[in-house]
Protein chains: 2
Amino acid sequence: MRTLLEVQRKLLPDFLLVMQKRYDILRYIKMMQPVGRRSLSVSLNLTERTLRGEVDFLKSQNLVNIFSSGMTLTDEGIEILDKLEGIMREVMGIDIMEKQLQDLLQVDEVIIVSGNCDETPWVKKELGKACANRMKREWNSKNIIAVTGGSTMAEVANSLSPDEASRKLTFVPARGGIGEAVKNQANTIVEKMAQKAQASYRVLYVPDQLSGEVYASFQKEPAIKEVISQIKSADMIIHGIGDAMAMAERRNSSPEMLKKLLDGNAVGEAFGYYYDENGKVVHKVLTVGIQLDDLSPEKRVITVAGGKTKAKAIRSYMKGAPSSTVLITDEAAAQELIQGNYTP
Amino acid sequence: MRTLLEVQRKLLPDFLLVMQKRYDILRYIKMMQPVGRRSLSVSLNLTERTLRGEVDFLKSQNLVNIFSSGMTLTDEGIEILDKLEGIMREVMGIDIMEKQLQDLLQVDEVIIVSGNCDETPWVKKELGKACANRMKREWNSKNIIAVTGGSTMAEVANSLSPDEASRKLTFVPARGGIGEAVKNQANTIVEKMAQKAQASYRVLYVPDQLSGEVYASFQKEPAIKEVISQIKSADMIIHGIGDAMAMAERRNSSPEMLKKLLDGNAVGEAFGYYYDENGKVVHKVLTVGIQLDDLSPEKRVITVAGGKTKAKAIRSYMKGAPSSTVLITDEAAAQELIQGNYTP
DNA sequence: CTACCCGGGACGTTATATGTCCAACTTAAC
DNA sequence: GTTAAGTTGGACATATAACGTCCCGGGTAG
């Protein structure tokens with residue numbers, strides 16, 4: 001059933017809306033029966049005429065009786081409604097969660113893929129695919145795409161495919177090296193994405209953890225400067241989110257820094273910034289490229305992260321995320337985000 | 001998944017057609033890619049414009065690529081198509097079988113409910129329900145409904161429910177007693193149907209197996225005569241089908257008659273007529289009421305019978321059935337009818 | 001009896017889907 | 001290089017379905 005719904009979501013997206021509408025109508029009739037069109041239509045937020053159309057249809061399907069005293073469900077209607085209850089819980093699950101998260105996190109759009117990254121390995125691929133599709137939808141109006149590192153981003157790269165618009169794109173790393181393993185470094189991923197999309201790309205090789213002086217002189221280097229200016233003018237930023245401590249360890253951070261993160265209660269990390277539970281920046285990795293201030297609402301920010309274990313990290317980052325953000329996550333993280341919110 | 005499809009069949013009937021259409025389009029694109037609109041539209045029997053509408057939609061869903069060299073499936077399209085194949089086998093199963101049987105048996109309409117009467121007890125109830133719904137669809141233009149006996153008919157009676165039109169109906173037994181147990185006798189069922197539909201009814205009590213003389217005098221009796229004339233003018237006839245030998249035994253037929261049936265290779269029985277494999281009448285129970293000749297095309301005949309074991313009987317009767325017949329059966333019988341037909 | 005709510009008929013309006021035709025472009029063969 | 005046959009995509013008139021709006025007659029409760 002899961003796959004059937006999944007397929008239908010793609011193949012007949014608005015039919016599910018119709019199904020939901022009719023489900024609501026049946027439900028309300030059951031509760032309010034016998035009931036007339038007028039009172040029903042206000043309860044359902046439908047105009048009287050459209051409600052009438054639906055009711056005529058339901059009557060033709062023998063699901064409702066229409067008497068002069070009002071409408072009631074037929075036995076068959078009750079039966080169908082019973083079966084629908086179970087189905088709807090599943091159908092509406094994802095849609096509803098997407099809307100809930102949209103409200104909760106105050107962002108433009110939330111996309112949820114079903115499953116749990118932590119448990120089922122191919123769910124991360126689904127995340128990547130969803131992200132690739134989402135990118136595609138508006139990359140004809142964008143030119144420069146900045147991406148970060150991470151295993152999730154690597155999957156995004158895997159899912160990209162070329163089309164006419166994609167060839168005009170330029171991929172750049174969002175920031176200079178921040179200590180990932182080569183495979184998941186931003187530079188590597190940028191290259192892969194560009195290759196998959198048949199686009200151009202620029203890389204930015206800078207040593208990790210620069211000291212203040214070198215940092216300044218580096219930025220004056222013409223070649224570096226040009227790449228940096230491209231990065232700064234990126235139209236779209238794709239990035240993952242990590243668990244703060246896990247990231248810090250993976251990056252071989254110094255003991256002092258680890259302490260700083262611990263003291264600051266850092267839980268989330270995104271492109272080199274560490275956040276605490278309230279979304280406050282605890283620490284930032286000093287490197288070139290996009291800074292938090294650069295995330296203006298004109299830029300499209302796509303945040304990709306899934307898995308129950310990352311829910312806290314996602315929440316921490318999202319507290320301060322611009323509303324132009326699109327969050328792509330999985331069911332497990334979404335559930336955790338929604339539930340966790342009521343028990344802080 | 002089964003229940004989901006069942007619900008959708010009721011709640012969004014035309015949606016299955018759309019799904020099938022899009023499935024076909026995807027399938028053809030996969031086979032013929034890269035392919036243009038024109039050649040695709042002729043292959044699919046769609047006008048170019050409608051095909052274009054569908055393709056635009058599929059493109060917006062990222063399922064097909066459109067290049068100037070033609071259309072191809074995207075990776076996602078291939079994936080969806082894969083999942084669809086499995087689903088479609090189930091979705092189209094019933095629809096397709098209905099059409100196949102319509103052709104095979106040369107009747108106006110075939111309705112199949114899923115399951116097997118012989119194995120799952122509630123499938124017979126589903127048959128009854130389906131029959132009741134079908135009757136409802138046109139009983140506002142009919143007045144007299146003749147019904148036969150049998151356990152299936154008893155379930156039809158159970159599923160009836162009253163409405164405005166039903167109160168004007170009159171139920172009559174199709175023929176005089178032909179030896180059923182009381183519970184499943186036509187008279188009993190007539191009474192029950194009338195009660196369920198809040199309609200009127202007439203019964204016809206005649207002794208079984210009349211001899212020629214008494215038969216003649218019986219028909220002259222005024223009260224009987226009136227009922228018989230009502231029966232003859234019935235607008236709708238609802239009847240079941242039985243296995244010939246099983247019916248004969250249940251009716252305590254004489255050894256001579258059993259021999260006659262055996263010799264004639266009788267396999268099916270319907271309202272007192274016994275048929276052989278080719279649809280030839282082997283024997284008819286002599287009684288008053290509707291005779292085979294009365295089944296004119298103006299009358300709506302609804303035949304209800306299910307279960308794998310009855311497939312042969314159904315086929316034998318259907319050979320001579322008028323095209324105004326509506327066959328209501330179950331999946332098991334339908335499969336047997338279709339498959340059995342290729343291995344005679 | 002009256003006032004209210006009921007379904008359903010009628011009709012003009014609007015949105016959507018479809019039929020039809022053409023222009024610009026790509027590709028492949030010659 | 002040129003032609004021919006294929007492709008998509010734009011434009012526009014038209015048919016069709018959905019919808020908004022109004023009203024009527026019939027039940028029903030107060």
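Lettering follows sequence order; numbering is per chain, from 1. Nothing here was measured: the structure is a model prediction, and the numbers come from that model.
When the side-chain nitrogen and oxygen atoms of B:Thr47 are compared with OP1 and OP2 of C:dG19, one or more of them lie within a distance under 4.0 Å.
Distance A:Met32 CE to C:dC5 C1': 13 Å, rounded to the nearest Å. Taking atom CG of B:Asn65 as the reference point, atom P of D:dG9 lies 11 Å away to the nearest angstrom. Rounded to an integer number of Å, the gap from CG of A:Leu51 to C1' of C:dC6 is 14 Å.
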Show me the protein contacts with nucleotides 7-9 of chain C, counting only N or O atoms at under 3.5 Å.
unit_1 : atom_1 : unit_2  : atom_2 : d
C:dG7  : OP2    : A:Arg37 : N      : 2.8
C:dG7  : N7     : A:Arg38 : NH2    : 2.9
C:dG7  : O6     : A:Arg38 : NH2    : 3.1
C:dG8  : N7     : A:Arg37 : NH1    : 2.9
C:dG8  : N7     : A:Arg37 : NH2    : 2.7
C:dG8  : O6     : A:Arg37 : NH2    : 3.2
C:dG9  : N7     : A:Arg52 : NH2    : 2.5
C:dG9  : O6     : A:Arg52 : NH1    : 2.9

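A cation-pi arrangement is absent between B:Arg202 and B:Phe171 under the rule of less than 6.0 angstrom and at most 45 degrees off the ring axis.
In this structure the side chain of A:Lys59 never reaches within 4.5 angstrom of the side chain of A:Met71, judged on heavy atoms.
A salt bridge (charged side-chain N to carboxylate O under 4.0 Å, His left out) with B:Glu76 holds for exactly one of A:Lys10, A:Lys129, A:Lys136; it is A:Lys10.
No donor-acceptor pair under 3.5 Å is formed between the side chain of B:Asp235 and the backbone N or O of B:Lys299. Not one N or O on the side chain of B:Thr50 forms a donor-acceptor pair closer than 3.5 Å with the backbone of B:Leu46.
For B:Arg49 and A:Gly53, each mapped to the nucleotide of DNA chain D holding its nearest heavy atom, the one lying further toward the 5' end belongs to B:Arg49.
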- Full working for salt bridge (charged side-chain N to carboxylate O under 4.0 Å, His left out) between B:Glu79 and B:Lys83: CA-CA 6 Å; B:Glu79 194 178 315; B:Lys83 292 178 181 163; 3.7 Å; yes
